[in-house]
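Below is one structure, written out as structure tokens; the observations come after it.
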Amino acid sequence: MCLLIVERVSCELGGKYIVRVKKMTDCQGDAEGAKSPLELYEQLTAQGDEVRTLKTAKADKAEIDAAVQLLLKLKVGYKQMTGQDFKAGCPPSENSVAPNNGPAAVDADDEDTVDPWNVSTSNAKGVDYDKLIVRFGSSKIDKELVDRIEKVLGQKPHRFLRRGIFFSHRDMQQVLDAYEKHKSFYLYTGRGPSSEAMHVGHLIPFIFTKWLQDVFDIPLVIQMTDDEKYLWKDLTLEDCHHFAVENAKDIIACGFDVNKTFIFSDLDYMGATPEFYRNVVKIQKHVTFNQVKGIFGFTDSDCIGKISFPAIQAAPSFSSSFPQIFKGRKDIQCLIPCAIDQDPYFRMTRDVAPRIGYPKPALLHSTFFPALQGAQTKMSASDANSSIFLTDTPKQLKNKVNKHAFSGGKDTVEEHRKYGGNPDIDVAFMYLTFFLEDDEQLEKIRQDYTSGALLTGELKKILIETLQPMIAEHQERRKQVTDETVKQFMTPRPLNFNF
């Protein structure tokens with residue numbers, strides 16, 4: 001059997017990684033020629049011990065990161081060899097080798113498509129996020145980091161952290177180091193407004209960002225990329241700007257504090273703030289056309305607006321883009337919570353930052369919110385049947401879940417009672433991992449569904465009863481958001497912080 005290992009040769013290079021592909025059996029470094037599942041299991045166990053030893057000894061960060069990256073690569077190889085996830089203390093059986101399906105087995109590595117505009121996979125469980133961490137060169141949010149966040153904050157971490165919904169990061173340890181030394185930072189996230197109505201998946205980064213703002217007590221900037229939607233979609237400028245204002249109302253309804261939050265439209269802010277545009281130009285000068293083509297897949301037929309846009313999404317990563325908030329300071333680090341499909345923008349940004357005298361932004365990456373039809377793709381506002389919109393009535397929501405939510409249950413009640421369901425591919429259960437706060441209740445639902453005690457219809461009913469009041473409450477809060485409220489949030493102004 002021939003396994004492939006992707007070896008990262010060089011680090012951030014204009015946001016693109018140079019990789020070398022080699023056979024597992026030829027590896028003398030990464031896999032040391034492992035020939036059986038048990039040998040690979042033993043390598044994984046040893047590598048896990050090595051990571052723990054380095055962390056306990058407080059070794060150099062680069063050394064720890066390299067060890068963790070190798071551990072993740074070995075896990076990918078183990079899953080490809082055995083068809084199972086690695087579990088410490090559970091060695092593989094002698095026969096636990098995934099079937100050899102010839103060339104298709106090799107092609108399986110390329111099944112996940114993840115970029116800022118497309119997300120798809122053929123796996124019913126969704127994107128393989130461990131592979132994505134290796135591919136993007138980020139770091140896994142492990143239990144040690146979650147525990148440290150809890151210790152620094154003195155409170156229970158958000159459920160998105162506890163459950164691995166935010167699963168990857170860049171430089172979060174550095175952010176915490178600075179915070180413990182009483183050095184401030186700020187948050188930056190955004191929304192691409194392509195329609196009036198947002199769906200529940202769009203709430204994920206804002207729910208988490210609201211929690212981060214509350215627990216760290218820091219400023220937040222939210223970019224509405226109405227210019228991007230004009231460049232990519234068949235929409236008028238007026239429509240895109242209108243959608244930005246309407247989407248801002250849903251964002252404000254998440255509970256953000258007007259004294260700590262600045263929301264801005266690119267179409268408005270870039271022309272009104274010279275400092276922002278100057279940063280855009282600095283970034284543009286330091287990224288070549290070949291680099292953006294390599295990072296984003298642009299072609300010669302793409303309009304020049306698309307090619308220059310990444311610099312606009314990068315600019316809010318630098319505090320000097322907001323002189324009204326940070327009084328011209330250039331040294332305040334930015335933390336960006338976002339879905340991992342946005343990471344290419346910020347790999348580019350992190351490469352440019354030191355060359356123009358700014359700190360690299362740190363990132364927290366989330367998984368994707370699956371479509372109702374399954375985790376092979378993320379929920380999309382352009383497909384009404386794949387999405388639960390924030391404007392849906394209780395009846396519409398109930399019908400969508402019952403009719404369209406992909407089930408991990410069996411075909412008949414008898415079979416389901418006997419064999420149980422698969423929560424890992426069941427959309428109703430996936431949604432509950434995002435929105436049900438009680439960890440113990442969620443685990444009981446998982447166990448009952450897996451055992452067959454809980455039927456698919458009963459699981460969907462739990463989801464409906466969880467989502468209906470949540471969306472109704474959001475709709476009530478949104479009704480309170482007036483045009484004047486939006487204007488307050490979107491007016492450039494000082495926030496209640498001293499810099």
Side-chain angles (χ1 to χ4, degrees), residues 12-16 113-119 136 188-195 202 205 221-245 247-248 262-318 320-322 334 336-353 355-356 358 360-361 363 365 380-382 490:
E12 290 163 340
L13 177 62
K16 191 176 183 181
T113 298
V114 177
D115 62 43
W117 306 281
N118 302 286
V119 175
F136 283 5
Y188 157 40
T189 193
R191 162 81 184 125
S194 58
S195 64
H202 291 141
V221 296
I222 299 175
Q223 181 182 45
M224 308 299 287
T225 57
D226 40 11
D227 53 344
E228 176 204 16
K229 292 309 173 186
Y230 174 70
L231 294 167
W232 263 267
K233 302 280 188 179
D234 185 19
L235 298 167
T236 67
L237 270 176
E238 292 73 21
D239 282 343
C240 293
H241 189 266
H242 171 70
F243 295 156
V245 172
N247 286 187
F262 173 48
I263 304 174
F264 64 98
S265 146
D266 283 344
L267 291 174
D268 290 337
Y269 187 65
M270 193 157 80
T273 309
E275 293 85 352
F276 186 91
Y277 182 60
R278 287 172 184 169
N279 278 339
V280 170
V281 173
K282 286 180 184 177
I283 298 161
Q284 288 172 338
K285 183 173 181 176
H286 288 81
V287 183
T288 69
F289 181 43
N290 278 338
Q291 284 177 316
V292 292
K293 284 199 296 184
I295 298 166
F296 301 102
F298 295 140
T299 67
D300 292 344
S301 61
D302 281 311
C303 71
I304 60 174
K306 290 184 180 181
I307 295 158
S308 62
F309 172 75
I312 298 173
Q313 184 155 325
S317 306
F318 306 131
S320 59
S321 294
F322 306 98
C334 174
I336 306 169
C338 62
I340 197 166
D341 59 339
Q342 298 300 302
D343 187 70
Y345 285 110
F346 302 113
R347 293 204 300 274
M348 180 198 78
T349 308
R350 285 168 56 83
D351 180 60
V352 170
R355 292 190 277 149
I356 58 177
Y358 295 146
K360 292 183 178 183
L363 288 101
H365 300 124
S380 170
S382 60
M490 298 187 76

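Quick caveat, the model's predicted, so the values are computed rather than measured.
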How far apart are the closest heavy atoms of [X] and [Y], and which atoms are they?
X: Cys240; Y: Pro193; result: O-CG, 4.1 Å
X: Cys334; Y: Pro316; result: SG-O, 4.3 Å
X: Gly305; Y: Ser308; result: O-OG, 3.2 Å
X: Gly192; Y: Glu228; result: CA-OE1, 4.3 Å
X: Ala311; Y: Met348; result: N-CE, 4.2 Å

Please tell me if the side chains of [X] and [Y] come closer than 4.5 Å, counting only heavy atoms from C-beta onward.
X: Tyr188; Y: Ser317; value: yes
X: Tyr345; Y: Ile295; value: no
X: Pro310; Y: Phe298; value: yes
X: Phe262; Y: Ile222; value: no
X: Ser320; Y: Glu275; value: no
X: Thr273; Y: Tyr277; value: no
X: Phe318; Y: Thr349; value: yes
X: Arg350; Y: Leu363; value: yes

Is it the case that atom CZ in Phe309 sees more than 12 heavy atoms from other parts of the structure closer than 6.0 Å?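 Enclosed: over 12 neighbouring heavy atoms sit under 6.0 Å from CZ of Phe309.
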Taking atom [atom1] of [X] and atom [atom2] of [Y], what is their separation to the nearest 0.5 Å?
X: Gln223; Y: Ile336; atom1: CD; atom2: CD1; result: 10.0 Å
X: Ser194; Y: Lys233; atom1: OG; atom2: NZ; result: 5.0 Å
X: Tyr230; Y: Thr225; atom1: OH; atom2: OG1; result: 15.0 Å
X: Met270; Y: Arg278; atom1: CE; atom2: CZ; result: 13.5 Å
X: Glu238; Y: Phe243; atom1: CD; atom2: CZ; result: 11.5 Å
X: Arg347; Y: Lys360; atom1: CZ; atom2: NZ; result: 13.0 Å

Could you pull out all residues at least two apart from Phe276 that satisfy ring pair (Phe, Tyr, Trp, His ring centres under 6.0 Å)?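 With sequence neighbours excluded, Phe276 shows a ring pair (Phe, Tyr, Trp, His ring centres under 6.0 Å) to Phe264, Tyr269, given in chain and number order.
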Take Asp343 and His365, measure what side chain to side chain contact (heavy atoms under 4.5 Å, CB included) needs, and give me the verdict at the end. CA-CA 8 Å; Asp343 187 70; His365 300 124; 2.7 Å; yes
Please identify each residue that fulfils side chain to side chain donor-acceptor pair (under 3.5 Å) with Ser321, with sequence neighbours left out.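 Ser321: side chain to side chain donor-acceptor pair (under 3.5 Å) contacts with Asn279.
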Before you tell me yes or no, could you show the steps for Ile340 and Phe136 under side chain to side chain contact (heavy atoms under 4.5 Å, CB included), namely the whole-Å CA-CA distance, both residues' side-chain angles and the distance that decides it to 0.1 Å? CA-CA 9 Å; Ile340 197 166; Phe136 283 5; 3.7 Å; yes
Got a sec, which pairs hit salt bridge (charged side-chain N to carboxylate O under 4.0 Å, His left out) with one end in residues 304-314, sequence neighbours left out?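 Qualifying pairs, neighbours excluded: Asp302-Lys306.
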Between side-chain atoms of residues 282-290 and protein atoms elsewhere (two or more places apart, or another chain), which donor-acceptor pairs fall under 3.5 Å?
from: Lys282; atom 1: NZ; to: Tyr358; atom 2: OH; distance (Å): 3.1
from: His286; atom 1: ND1; to: Lys282; atom 2: O; distance (Å): 2.8
from: Thr288; atom 1: OG1; to: Gln291; atom 2: N; distance (Å): 3.1

Who pairs with Ser301 by side-chain contact (heavy atoms from CB on, under 4.5 Å), at least two apart in sequence or on another chain? Thr299
Please name all residues satisfying side-chain contact (heavy atoms from CB on, under 4.5 Å) with Leu267, sequence neighbours left out, ordered by chain then number. Asp226, Asp227, Leu237, His241, Ser265
List the residues meeting salt bridge (Lys or Arg N to Asp or Glu O under 4.0 Å) with Asp266, not counting sequence neighbours, and say none if there are none.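 Per chain and number, Asp266 pairs via salt bridge (Lys or Arg N to Asp or Glu O under 4.0 Å) with no residue.
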Run the numbers on Gln342 and Gln313 for side chain to side chain contact (heavy atoms under 4.5 Å, CB included), then give the verdict. CA-CA 10 Å; Gln342 298 300 302; Gln313 184 155 325; 3.0 Å; yes
Asn247 vs His202, side chain to side chain contact (heavy atoms under 4.5 Å, CB included): CA-CA, chis, key distance, verdict: CA-CA 10 Å; Asn247 286 187; His202 291 141; over 6 Å; no
